[in-house]
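Heads up, the thing below is written out as structure tokens.
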Number of protein chains: 2
Amino acid sequence: MPSSARTADHTAEAFRRTLRAHGLKATPARIAVLTALARAPRPMSAQAVMDALPRNADQATVYRTFRTLKEKGVIRQIDLRHNHAHYEIAGAEEHHHLVCLQCGRVEDVDRCWIEDMQPAVLRRAKHFARITQHALEFYGICRSCAARERPSPRSTAKGSDIPLPSY
Amino acid sequence: MPSSARTADHTAEAFRRTLRAHGLKATPARIAVLTALARAPRPMSAQAVMDALPRNADQATVYRTFRTLKEKGVIRQIDLRHNHAHYEIAGAEEHHHLVCLQCGRVEDVDRCWIEDMQPAVLRRAKHFARITQHALEFYGICRSCAARERPSPRSTAKGSDIPLPSY
DNA sequence: AAATTATTTGCAAGTAATTCGCATTTAGGA
DNA sequence: TCCTAAATGCGAATTACTTGCAAATAATTT
């Protein structure tokens, strides 16, 4: 067996099956994006993915792929405070990240503690001198949205997809 | 004593003192931004703050104010997955947020649990039907950056402030 | 209270990240 | 192999945020 970092089958064939299982077409572009994410040791930016791709696949495709796979839960969006989104393959064991606000270095935190645990997290970290902040957000669906659930999955062609409150 | 939500003095005078304590000029724009954030029940976007401001203060000023106050730790940046940053006054007791991926509704989570605690979090929530994801990131300074600490706080005038690794 | 100066602001233009419209291509079922 | 919905590629558009610089101003000094 290969020495892949996280236990998971990250072959093109496996991705093909995953895509099909979600009712998505297994296109070369999507497989290439997933392969790039799987190879990278850290969450990747759109730019990094585009650079990693052989030749084809332009921005729009990469961004659309991110959105689609994120909606299906195949990949996960990460906010590293770099002024642009990062993505990683989901499904791996829960983990978080240590992000250096100065140089952008990212390191995995493989267990889930908060606040009082920060000294311990820091001790386990390989490359960090101190932790100054952390952010935790929960995402889900609120009651009113759940109530009018699935008004028409495909009707969202034009309008901005999220009706935001004023802030 | 007034019935302000979070225990803290959010008067213009208090903000003036806070600013001065951080070596910043207590300008009307800054006090207005802080006042807007203090009044809002949720983290605010730059747009929301600009709309809330009497008349003056343009984008550049608001964004610059965010950056300055964030660096001083007076306000905190929140990623609500709305495609733009949100900010809230820092210093209040630790809390997190519940964000509806469909309508953007935001609700505070006033205690800090994760994962296995999600059913309990959901039960305590007022407006949520389900939680599907959560994100936790730690921010700090890595060893190499700590090593070359404070090369010259003011010399970062032009270059992009964070030398990013390739992704 | 007026002078002084480093900060901060406002404006207008600029840049980076992400999205959209639409014609063309393609994956995968019939 | 044909067919059709889904996906791509291209260019243009939009959004979020930043920057350069001259004018304004907070707070210190006199």
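Here is how names work: the chains are called A, B, and so on, in the same order as the sequence lines, proteins then strands, and each is numbered from 1.
Here the side chains of R30(A) and F15(A) are not in contact, with every heavy-atom distance at 4.5 Å or above. Put simply, the side chain of I78(B) reaches to within 4.5 Å of the side chain of E88(B), judged on heavy atoms. A 4.5 Å side-chain heavy-atom check between L19(B) and L69(B) finds at least one atom pair inside the cut-off.
The separation between M50(A) atom CE and dC10(D) atom C1' is 14 Å, rounded to whole Å. Computed from coordinates, the Q47(B) CD to dT14(D) P distance equals 16 Å when rounded to whole Å. Atom-to-atom, CD of E71(B) to P of dT8(C) comes out at 11 Å; the value is rounded to the nearest Å. Taking atom NE2 of H82(A) as the reference point, atom C1' of dT18(C) lies 18 Å away to the nearest angstrom. Atoms CD (Q77(B)) and C1' (dA16(D)) sit 12 Å apart, rounded to a whole Å. Atom CG of L19(A) is separated from atom C1' of dA6(D) by 13 Å (rounded to the nearest Å). Rounded to a whole Å, the NE2 atom of H86(B) is 10 Å from the P atom of dA16(D).
For the OP1/OP2 pair of dT18(D) and a distance below 4.0 Å, the side-chain nitrogens and oxygens of Y63(B) include no atom meeting the criterion. Between dT19(D) and R67(B), a contact under 4.0 Å exists linking OP1 or OP2 to a side-chain N or O.
Scored by the side chain to side chain donor-acceptor pair (under 3.5 Å) test, Q59(A) finds no partners at all (sequence neighbours excluded). With sequence neighbours excluded, the residues satisfying side chain to side chain donor-acceptor pair (under 3.5 Å) with T61(B) are D58(B). Evaluation of the side chain to side chain donor-acceptor pair (under 3.5 Å) rule for T68(B) yields no partner, not counting sequence neighbours. Here A32(B) pairs with L53(B) under the side chain to side chain contact (heavy atoms under 4.5 Å, CB included) rule; sequence neighbours left out. Taking the side chain to side chain contact (heavy atoms under 4.5 Å, CB included) definition, one finds that R39(A) meets it with T35(A), sequence neighbours left out.
Considering only side-chain atoms of A46(B), the nucleotide from dT18(C), dC17(D), dT8(C) that sits closest is dC17(D). Closest to the T61(B) side chain, of the nucleotides dT8(D), dG10(C), dT8(C), is dG10(C).
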Secondary-structure notation, DNA chain D, from Watson-Crick and G-U pairs under 3.5 angstrom (| other strand): ||||||||||||||||||||||||||||||
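Applying the side-chain hydrogen bond (donor to acceptor under 3.5 Å, both in side chains) rule to pairs touching residues 16-27 of chain A yields E13(A)-R16(A), sequence neighbours excluded. Residues in residues 57-80 of chain A take part in these ring-ring contact (aromatic ring centres under 6.0 Å, His included) pairs, two or more places apart or across chains: F66(A)-Y87(A).
For the residue pair M44(A) and A36(A), the shortest heavy atom distance occurs at SD-O, 3.4 Å.
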N/O contacts under 3.5 Å, protein versus nucleotides 12-16 of chain C?
none

Per-nucleotide protein contact string for nucleotides 22-28 of chain C (B base, S sugar-phosphate only, - none; heavy atom under 4.0 Å): ----BBS
